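In what follows, a structure is listed as structure tokens, so that the remarks can point back to it.
Computation of the quantities below employed the complete heavy-atom set of this structure, encompassing side-chain atoms and omitting hydrogens, waters and symmetry-equivalent molecules. If you're wondering where the values come from, they're calculated on a predicted model, not measured in any experiment.
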Amino acid sequence: MGIIYRNYNDKNREKELVKIAKACKESRNQLFVSNDIKLAIRVKADGIYIPSFNKKKTYGNLEKKKIKIIGSAHNQKEIQEKITQNCDAIFLSPVFHVEKSQTFLGLYKFNYLSLNNNINILALGGISEKNIHKLKLLNIKGFGGIRLFKKKPAYKGRFFKE
């Protein structure tokens, strides 16, 4: 299990991330920092997350620092970009209908993209308790979600005080 930290605008970003990193280490969860290699190294995160809007060409030499790279994509062109960015795995989204998007991949198109690319593909987008059983029909190495896990917030507990 892993957590992607994507809070770009918080003034206390680094302070908050140190607490999250500590909690992740204790619970043996992986931590990925979105779009900030230097911050990921400072908090000793397991890796970085490259969103689909990040078009920077390559992220080299991170394997020497044992930093994993994951990314996200929505189509074949973006999958190719993530492969050239040396991603170890790619979140392909949205699999199912989500409110913020008019389009979604669906099972057939998702599998077509997954099977035609030699990289670990993770499902993302629109996954709920009603359709989670459909993930068995997909060629995936794992899945991610927000709405599915939102019911049980991960930040509650002794490390996070509101």
Side-chain angles (χ1 to χ4, degrees), residues 1-8 17 20-21 24-25 27-41 43-154:
M1 188 161 117
I3 295 171
I4 298 173
Y5 183 80
R6 295 184 354 154
N7 192 349
Y8 302 114
L17 193 51
I20 293 170
C24 284
K25 294 289 182 213
S27 61
R28 294 190 174 130
N29 291 320
Q30 293 183 355
L31 175 64
F32 295 87
V33 177
S34 183
N35 246 357
D36 195 333
I37 297 169
K38 291 177 183 174
L39 183 57
I41 292 169
V43 300
K44 297 180 179 151
D46 297 287
I48 62 164
Y49 165 75
I50 307 169
S52 61
F53 63 79
N54 183 331
K55 309 293 184 199
K56 187 176 176 184
K57 291 295 174 204
T58 59
Y59 287 87
N61 299 327
L62 291 179
E63 57 275 350
K64 292 178 184 176
K65 296 178 181 180
K66 297 181 182 176
I67 294 180
K68 298 174 188 168
I69 306 170
I70 59 174
S72 65
H74 303 95
N75 55 46
Q76 181 61 42
K77 181 180 176 187
E78 290 178 357
I79 291 171
Q80 285 307 124
E81 280 177 353
K82 298 305 160 198
I83 291 170
T84 60
Q85 290 174 327
N86 297 326
C87 288
D88 301 307
I90 300 171
F91 281 103
L92 185 56
S93 73
V95 181
F96 304 113
H97 178 265
V98 290
E99 291 175 16
K100 66 180 183 177
S101 177
Q102 296 275 329
T103 61
F104 61 96
L105 295 168
L107 300 176
Y108 297 112
K109 189 169 185 179
F110 184 96
N111 273 337
Y112 176 78
L113 292 170
S114 179
L115 290 166
N116 284 312
N117 291 285
N118 190 20
I119 191 162
N120 294 324
I121 298 289
L122 309 166
L124 182 68
I127 301 168
S128 67
E129 290 176 3
K130 292 179 183 176
N131 61 23
I132 195 165
H133 65 280
K134 292 181 181 179
L135 295 180
K136 292 177 187 174
L137 302 171
L138 299 176
N139 181 43
I140 58 173
K141 297 293 183 188
F143 68 95
I146 296 171
R147 185 173 28 154
L148 185 63
F149 299 107
K150 229 177 183 176
K151 293 177 183 175
K152 300 175 185 172

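When side chains are defined from C-beta on, K82 does not count as touching I119, because their heavy atoms never get closer than 4.5 Å. With contacts defined as side-chain heavy-atom distances shorter than 4.5 Å, the pair I90/I83 qualifies.
The side chain to side chain donor-acceptor pair (under 3.5 Å) check on N120 picks up nothing, with sequence neighbours excluded.
Between the side chain of N54 and the main chain of P51, no donor-acceptor pair closer than 3.5 Å is present. S52 places no side-chain N or O within donor-acceptor distance of the main-chain N or O of S72, the cut-off being under 3.5 Å.
Closest of all the heavy-atom pairs between T103 and P94 is O-CG, 3.5 Å. When every heavy atom of G71 is checked against every heavy atom of Y49, the shortest pair comes out as C-CE1, 4.0 Å. When all heavy atoms of V43 and A21 are compared, the pair lying nearest together is O-CB, 3.7 Å. Annotation for I48 and A40: closest pair CG2-CB, 3.6 Å, computed over non-hydrogen atoms. When every heavy atom of N131 is checked against every heavy atom of S128, the shortest pair comes out as OD1-N, 2.7 Å.
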Assess whether side-chain contact (heavy atoms from CB on, under 4.5 Å) is satisfied between F91 and I70, documenting all intermediate values.
CA-CA 8 Å; F91 281 103; I70 59 174; 3.8 Å; yes
Take I121 and L113 through the side-chain contact (heavy atoms from CB on, under 4.5 Å) test and state the conclusion after the steps.
CA-CA 9 Å; I121 298 289; L113 292 170; over 6 Å; no
For residues 133-144, which side-chain N or O atoms pair as donor and acceptor with protein atoms under 3.5 Å away, sequence neighbours left out?
unit_1 : atom_1 : unit_2 : atom_2 : d
H133   : ND1    : K130   : O      : 3.3
N139   : ND2    : S114   : OG     : 3.1

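To the nearest 0.5 Å, atom CG of residue L39 and atom CG of residue L17 are 5.0 Å apart. To the nearest 0.5 Å, atom CG of residue N35 and atom CD1 of residue I4 are 11.5 Å apart. Atom CD1 in I37 sits 7.0 Å away from atom CD1 in I50 (nearest 0.5 Å). Here the CD1 atom belonging to I127 is positioned 9.5 Å from the OG atom belonging to S93, to the nearest 0.5 angstrom. Atom-to-atom distance recorded for I20:CD1 and L31:CG is 7.0 Å, nearest 0.5 angstrom. If you take CZ on F32 and CD1 on I69, they are separated by 10.5 Å, rounding to the nearest 0.5 Å.
Judged purely by distance below 3.5 Å, without hydrogens or angles, the side chains of N117 and Q76 pair a donor atom with an acceptor atom. Residues Q80 and K77 bring no donor and acceptor atom of their side chains to less than 3.5 Å of each other.
Surrounding NZ of K25 are more than 12 heavy atoms belonging to other residues, nucleotides or ligands, all under 6.0 Å away. Taking a 6.0 Å sphere around NZ of K55, one finds it holds more than 12 heavy atoms contributed by other residues, nucleotides or ligands. Within a 6.0 Å radius of OH in Y8, more than 12 heavy atoms belonging to other residues, nucleotides or ligands are found.
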